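Since the structure is predicted, the reported quantities are computational estimates derived from the model, not experimental observations. Values below: all heavy atoms of this structure, side chains included; hydrogens, waters and symmetry mates excluded.
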Amino acid sequence: MPHQPLRFEPYMRDDPACAVVAVTPPEQAHMHTYYDLTPWSPSGRYLTSLRLPYEDHEPAPGDRAEVCVIDLAEQTVQPVYRTAAWGFQKGAHQQWGRTDQFLYLNDMRDDRPVGVQLDLTTGKPRLLDGPIWQVSPDETYAICPCLIRANLTQRSYGVSVKPENELYNTDRAADDDGLYRVDLGSGRQTLLVSLAQIWEHLADRDDLPPGSVLYAFHAKFNPQGTRILLVVRARTPDGRYRPQMVTFKPDGSDIRTVVTHHEWARGGHHPMWYPDSKRILMCAVIDDTGYHFCLVDGVTGHPEILIDDPRGTGHPIVNRDCTFLVTDATYEESGRRRVGVRLVNLKDKAWQDICWVESPLATGEQAPLRRDAHITWDRPGKRLLFLGAPTGGRQLFIADPAAPPGAMPSLFDG
């Protein structure tokens, strides 16, 4: 597929406090994946994005979007794969391996999700037996909950299938569903940890309402690849979900409950491994002072407040040397939605909203179409990428906190 020219434009609306550059044009709808997956390639030269065919309704089975590679040096975009496995929150789960050679993503075959290993040097895709949520740090395997069931528990995080191919759990804790493992060498999929196994180690399980049914949702490796966190949700008979979080070793052993459903209900969201691979960063309420950015021990579940001010909000993530935290601060009023890029200096305890961008408000039945910023770091932990929609359509922006407003900074260290 041919390279198409782009024109990176400084973004100056609402007086940003640093250099902000739009790297996709307003007439094309682009998104990355999630705040816990960097779209930068290992060399830093390329970004991966998903170019959407539309933004006003959810994907129908068979509808395709384009996985793209953006060259930050040449200012070009190249479509590299058309996929039918995508949603408005996680894209096609497109992500890099350990080099710029392989891009991983999901597609559909026979109305079921499968993973794809795309060799960018040859352009040849290799289909895997199961889909991908996250690739292991050593690029030997990937983990993934059932993407059909994940879309059931929260739309736009999984994939759309025909009604006759929807999947539901009926047992309290299924022994044939849970977190799956896909070997990237053989392509073979196996069940790594079943929901039945998790149930046996789930704290406060007896406090769940009778008739509750367990589902697997978010799964994330720690940076060292030595432990995996999994958010599981108990669907109660009234249709609500009660989240809780467990962690375990890569072989599925040593399952620990680190956030119970009682603790989560008190106030908690968006867990993300801290760079030390031992603790989990999340917004949580652990005392009577409200939300904070907290660290939860990945084995014992012991919580502690990372910083008193600002209060916990959004999708927090810390750069690799633990000097800065970034999150989104969203304000909604009078039908408008403004998202701030909030940068927190963890050493001097100072913080600032370095940029604001409009993103149309989506609520109710339109909620899966919302345009979350999903701010994430580049690999050195210097620049930020986020999604905004100042003219109504999704665009990708890069902010460099070290460069002045209006500047066109170097976008990678090449």
Side-chain angles (χ1 to χ4, degrees), residues 61 85 87 89-90 93 106-115 128-136 141-183 186-206 208-221 227-261 264 271:
Q89 292 301 307
K90 294 280 289 182
H93 295 254
N106 291 320
D107 200 358
M108 302 294 289
R109 289 294 182 271
D110 301 322
D111 211 32
R112 71 177 182 89
V114 296
L128 310 172
D129 289 344
I132 291 168
W133 192 278
Q134 190 177 13
V135 173
S136 64
Y141 70 103
I143 52 175
C144 195
C146 172
L147 290 184
I148 298 174
R149 293 177 176 91
N151 215 45
L152 169 69
T153 64
Q154 190 164 349
R155 283 153 48 201
S156 211
Y157 284 79
V159 297
S160 301
V161 296
K162 297 174 183 177
E164 62 267 25
N165 293 323
E166 291 283 6
L167 296 174
Y168 304 89
N169 288 343
T170 55
D171 294 337
R172 177 182 63 186
D175 59 10
D176 60 351
D177 184 35
L179 187 67
Y180 295 86
R181 182 186 192 276
V182 180
D183 185 280
S186 67
R188 181 169 173 260
Q189 182 190 56
T190 55
L191 185 59
L192 175 61
V193 179
S194 72
L195 293 171
Q197 290 173 293
I198 291 171
W199 181 267
E200 292 303 314
H201 297 85
L202 206 58
D204 296 344
R205 64 189 182 190
D206 295 333
L208 290 168
S212 295
V213 176
L214 215 58
Y215 285 89
F217 194 55
H218 279 307
K220 303 178 184 183
F221 289 101
R227 206 158 184 90
I228 298 168
L229 74 78
L230 175 66
V231 175
V232 293
R233 289 174 163 178
R235 188 179 191 273
T236 58
D238 62 2
R240 298 180 182 181
Y241 287 92
R242 296 198 178 183
Q244 47 236 291
M245 184 164 58
V246 299
T247 70
F248 41 84
K249 293 180 179 178
D251 63 359
S253 65
D254 193 30
I255 301 173
R256 305 289 188 98
T257 301
V258 294
V259 179
T260 70
H261 65 89
W264 197 294

Enumerate, atom names and distances included, each donor-acceptor pair closer than 3.5 Å involving a side-chain atom of residues 208-219, sequence neighbours excluded.
unit_1: Ser212; atom_1: OG; unit_2: Pro209; atom_2: O; d: 2.7
unit_1: Tyr215; atom_1: OH; unit_2: Asn169; atom_2: N; d: 2.9
unit_1: Tyr215; atom_1: OH; unit_2: Asn169; atom_2: O; d: 3.4

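For Val182, the side-chain contact (heavy atoms from CB on, under 4.5 Å) test picks out Leu128, Gln189, with sequence neighbours left out. Taking Arg112 as the reference, nothing meets the salt bridge (charged side-chain N to carboxylate O under 4.0 Å, His left out) condition, with sequence neighbours excluded. Listed by chain and residue number, Arg181 satisfy the salt bridge (charged side-chain N to carboxylate O under 4.0 Å, His left out) test with Asp183 (two or more places apart in sequence, or in another chain).
A side-chain contact (heavy atoms from CB on, under 4.5 Å) with Met108 is found for one member of Ser160, Pro131, Pro113 and no other, namely Pro113. Among Leu179, Val193, Val135, Leu230, the one residue that satisfies the side-chain contact (heavy atoms from CB on, under 4.5 Å) test with Ile143 is Leu179.
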I'd like to know whether Val232 forms a side-chain contact (heavy atoms from CB on, under 4.5 Å) with Trp199, so could you lay out the CA-CA distance, the side-chain angles of the two residues, the decisive distance to 0.1 Å, and finally the verdict. CA-CA 10 Å; Val232 293; Trp199 181 267; over 6 Å; no

Determine, step by step, whether Ile228 and Phe248 satisfy the side-chain contact (heavy atoms from CB on, under 4.5 Å) criterion, reporting the C-alpha distance in whole Å, the side-chain angles of both residues, the deciding distance to 0.1 Å, and the verdict. CA-CA 6 Å; Ile228 298 168; Phe248 41 84; 3.8 Å; yes

Please determine whether side-chain contact (heavy atoms from CB on, under 4.5 Å) holds for the pair Leu195 and Gln197, giving the CA-CA distance in whole Å, both sets of side-chain angles, and the decisive distance to 0.1 Å. CA-CA 5 Å; Leu195 293 171; Gln197 290 173 293; over 6 Å; no

Go through the steps for Thr247 and Arg256 under the test side chain to side chain donor-acceptor pair (under 3.5 Å), then give the verdict. CA-CA 5 Å; Thr247 70; Arg256 305 289 188 98; over 6 Å; no

Trp133 and Lys90: CA distance, side-chain angles, deciding distance, side-chain contact (heavy atoms from CB on, under 4.5 Å) verdict: CA-CA 9 Å; Trp133 192 278; Lys90 294 280 289 182; 3.7 Å; yes

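Proximity of Val159 to Ile148: side-chain heavy atoms (C-beta onward) are separated by under 4.5 Å at one or more points. You'll find the side chain of Thr260 stays beyond 4.5 Å of the side chain of Gln244, heavy atoms only. Taking 4.5 Å as the limit, some side-chain heavy atom of Trp264 sits within range of a side-chain heavy atom of Pro271. Between Val246 and Leu229, every side-chain heavy-atom pair lies at or beyond the 4.5 Å cut-off. Within the 4.5 Å cutoff, the side chain of Glu200 has heavy atoms near those of the Arg205 side chain.
Sorted by first and then second residue, the salt bridge (Lys or Arg N to Asp or Glu O under 4.0 Å) pairs involving residues 233-247 (not counting sequence neighbours) are Asp238-Arg240. A salt bridge (Lys or Arg N to Asp or Glu O under 4.0 Å) check over residues 160-178, counting only residues at least two apart or in different chains, returns the pairs Arg149-Asp177.
Thr190 places no side-chain N or O within donor-acceptor distance of the main-chain N or O of Leu192, the cut-off being under 3.5 Å.
Minimum heavy-atom separation, Asp111 to Pro61: OD1-CB, 4.3 Å. Of all non-hydrogen atoms in Gly87 and Ser156, the two that sit nearest each other are C-OG, 3.6 Å.
For the atom pair Leu152 CG and Tyr168 OH, the distance stands at 6.0 Å (nearest 0.5 Å). Here the NE2 atom belonging to His93 is positioned 11.0 Å from the CD atom belonging to Gln134, to the nearest 0.5 angstrom. Distance CG/Leu147 to CD1/Ile132: 10.0 Å, rounded to 0.5 Å. The distance from atom CD1 of Ile255 to atom NZ of Lys249, rounded to the nearest 0.5 Å, is 12.0 Å.
For Tyr141 and Tyr180, the ring centers are positioned 6.0 Å apart or more.
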